[in-house]
Asker: 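My questions all concern the structure below.
This one's a predicted model, so the numbers in the text were calculated from it and none came from an experiment.
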Amino acid sequence: MANFYLDNKDLQIQFDHPLMDRIVALRERDIREKEAYNYAPQHFEDAIDSYRRVMELAGEICGDVIATHAEGVDHEGPHHTGDRVAYASGTKENLKAMQAAGLDGMSLPRRFGGLNLPLIASIMTNEMIARADAGFQNVWGLQDCAETLNEFGSEEQKAEYLTRTVAGETWSMALTEPDAGSDLGAVTLKATWNEERKTWLLNGVKRFITNGDGELSLVLARTEEGTTDARGLSMFVYDKRNGGVKVRRIEHKLGIKGSPTCELVYTDAPAQLVGDRRLGLIKYVMSLMNAARLGIGAQSVGTCEAAYQEALKYAHERQQFGKPIIRFMAVAELLKEMRAKTQGVRALLYETARFVEIYKQLEAIAKERRLEGEERQEMKFYSRLADGFTPMVKLFSSEYANQNAYDAIQIHGGSGFMKDYPCERIYRDARIMSIYEGTSQLQVVAAINSVTKGIYAEQIARYAEAEYSDAMQPQVKRLTHMTEQYHAMVQHVETTEQEYPGFKELHARRLVESAGHILIGYLLAREATRYPDLYTDSAEVFCRMAEGKVAETACRVLHAQGEEVALYR
């Protein structure tokens, strides 16, 4: 019996974080639903106990069901049958298991049948699912779409579609088109109002749509005649029961094969407008994408964990020259670094989830009543942090997923190149994570504002002011020196940018990654102070790695001249 929650103390401690008091108070509206629902928590301790029990159940399904189907699903894949998609047999069993356990729509409000669990719980479930099978995480994790509908949809839409989500119906988000990938403002799928049928009709093509044949989907379409930019786009909810959409084909992919990636043809497909016209991309999709990036962060961390566990197991089992290969320093070092990266991005992931949860709950409360002055300041504070940390966690976790998957195969040697071991599948699955929901390069574009606005610097200063154990003082010293280098790099880039426009863009990734290394280092040092047995080694290993990375970057940036911009024009 495997349980991906009980075997991972990193996950269990997340519910002990000091901010959980505030999160429970906001999410449960001070425990006001305890009289209306017999499964609503009666007090704070009851809420935390409930979260743990649900995670234990999810961990069991991930370990005993989803993980056991992963290789078969990867081999079988979904099928294109007529104009529809048929899931692999293992995918069908996974969906049945999640539904039978009551885990669908876990974060949705209780009035729609959901469990009203905090974002941390749904992120944790996504991480555990991805550890079991990253492809299935794409299918199940798209319930984020229901969260977007809960935030922006009408009461009628929520009553129908959120209830169906809890009942197990799957989602997709239809954004990308053949000529509109990262540039969603170029979307051309047309939405026109049909007076006779009293509905909007969608016509056009969508491509690279994850789980494209899901029962429900959010669709970005152009409603405004004569527009060619984001201001002409609106969002719709589409119900497959109403017809009008055909799956032209399923893409043949390198990895995440259990998740059908579809090309869709819309022909007078009826759909309902979500929210207001013209805000589809500007407001609704941006919210959806931020949630999706957190989801990919969870998927990437789960993949980091899967790669590490496979490498660790093999290193203990494989004998060379009369001893297990884990006893060779080159292998032991690689494993330590894999673990440090995994724990580092996991710390960053859940820190980000806490920031997002608080500001999102305060936003929701603002629709119910007027916020107090302190609440408005709190919402603004956590909103700024969430905006900065979300692209950061997507960038680092997806890149580390690729690095850990690479290193897992390296530790397996020639055997890792064969399909006899899961690391081959994990390696293929990981590659997409730094691409979809915004490439690493686009995450840098989103994150660089937090460099120039000082958001990262401010949070680094807050972490620096915290108390750390004696054992962590050498790491704090390293982080302090890295911070000085970071400030020098930022100042140099901003000064040079004034004379040589484009200099900041050229060095943006170096600045963002330097900030990330410092932030993750402090998070690990903080965790090592609280849980020394669990994090001390990773904190030291990561800070040493980060020290080298930041020093190398500082050498590159501080010696860079403005004239080099011309090399890349």
Asker: Please indicate whether D179 has more than 12 foreign heavy atoms, meaning atoms of other residues, nucleotides or ligands, lying under 6.0 Å from its CG.
Answerer: no
Asker: Write out all pairs satisfying salt bridge (Lys or Arg N to Asp or Glu O under 4.0 Å) with one or both partners inside residues 118-133, taking only residues at least two apart or from two chains.
Answerer: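 Listed once each, the pairs are D7-R131, E127-R346.
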Asker: May I have all residue pairs that pass salt bridge (Lys or Arg N to Asp or Glu O under 4.0 Å) and include part of residues 162-176, sequence neighbours excluded?
Answerer: E160-R164, R164-E169, R164-D239, E169-R241
Asker: Using residues 108-116 as the side-chain source, report each donor-acceptor pair under 3.5 Å to any protein atom, sequence neighbours left out, with the distance given to one decimal.
Answerer:
{"unit_1": "R110", "atom_1": "NH1", "unit_2": "E28", "atom_2": "OE1", "d": "3.0"}
{"unit_1": "R110", "atom_1": "NH1", "unit_2": "E33", "atom_2": "OE1", "d": "2.7"}
{"unit_1": "R110", "atom_1": "NH2", "unit_2": "E28", "atom_2": "OE1", "d": "3.3"}
{"unit_1": "R110", "atom_1": "NH2", "unit_2": "E28", "atom_2": "OE2", "d": "2.9"}
{"unit_1": "R111", "atom_1": "NH1", "unit_2": "E155", "atom_2": "OE1", "d": "3.2"}
{"unit_1": "N116", "atom_1": "OD1", "unit_2": "R27", "atom_2": "NH1", "d": "3.4"}
{"unit_1": "N116", "atom_1": "ND2", "unit_2": "R27", "atom_2": "O", "d": "3.2"}

Asker: S398: which residues meet the side chain to side chain contact (heavy atoms under 4.5 Å, CB included) condition with it, sequence neighbours left out?
Answerer: S300, K394, M433, S434, S440
Asker: Under the rule for side chain to side chain contact (heavy atoms under 4.5 Å, CB included), what residues qualify as partners of K549, not counting sequence neighbours?
Answerer: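 In terms of side chain to side chain contact (heavy atoms under 4.5 Å, CB included), with neighbours along the sequence ignored, K549 is linked to H517.
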Asker: Test of understanding: with side chain to side chain donor-acceptor pair (under 3.5 Å), list the residues that count as partners of T342, not counting sequence neighbours.
Answerer: N404
Asker: Please list, chain by chain and in numerical order, all residues satisfying ring pair (Phe, Tyr, Trp, His ring centres under 6.0 Å) with F389, sequence neighbours excluded.
Answerer: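 F389 satisfies ring pair (Phe, Tyr, Trp, His ring centres under 6.0 Å) with F355 only.
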Asker: Name all pairs fulfilling the salt bridge (Lys or Arg N to Asp or Glu O under 4.0 Å) condition that reach into residues 56-67, sequence neighbours left out, sorted by first residue then second.
Answerer: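 Salt bridge (Lys or Arg N to Asp or Glu O under 4.0 Å) check on residues 56-67 returns no pairs.
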Asker: For E71, check side chain to side chain contact (heavy atoms under 4.5 Å, CB included) against everything at least two apart and list the hits.
Answerer: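 With sequence neighbours excluded, E71 shows a side chain to side chain contact (heavy atoms under 4.5 Å, CB included) to P422, R425, given in chain and number order.
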Asker: Considering residues, nucleotides and ligands other than R52, do more than 12 of their heavy atoms fall under 6.0 Å from its CZ?
Answerer: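 More than 12 within 6.0 Å, yes.
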Asker: May I have all residue pairs that pass salt bridge (Lys or Arg N to Asp or Glu O under 4.0 Å) and include part of residues 324-343, sequence neighbours excluded?
Answerer: K336-D537
Asker: Is the number of heavy atoms from other residues, nucleotides or ligands within 6.0 Å of NE2 (H75) greater than 12?
Answerer: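 No - once you tally the heavy atoms of other residues, nucleotides and ligands closer than 6.0 Å, there are 12 at most.
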Asker: Residues two or more places apart in sequence or in another chain: which of them pass side chain to side chain donor-acceptor pair (under 3.5 Å) with Y161?
Answerer: Q272
Asker: Output every pair passing ring-ring contact (aromatic ring centres under 6.0 Å, His included) with a member in residues 409-431, not counting sequence neighbours, ordered by first then second residue.
Answerer: Y314-H412, Y314-Y421, H412-Y421
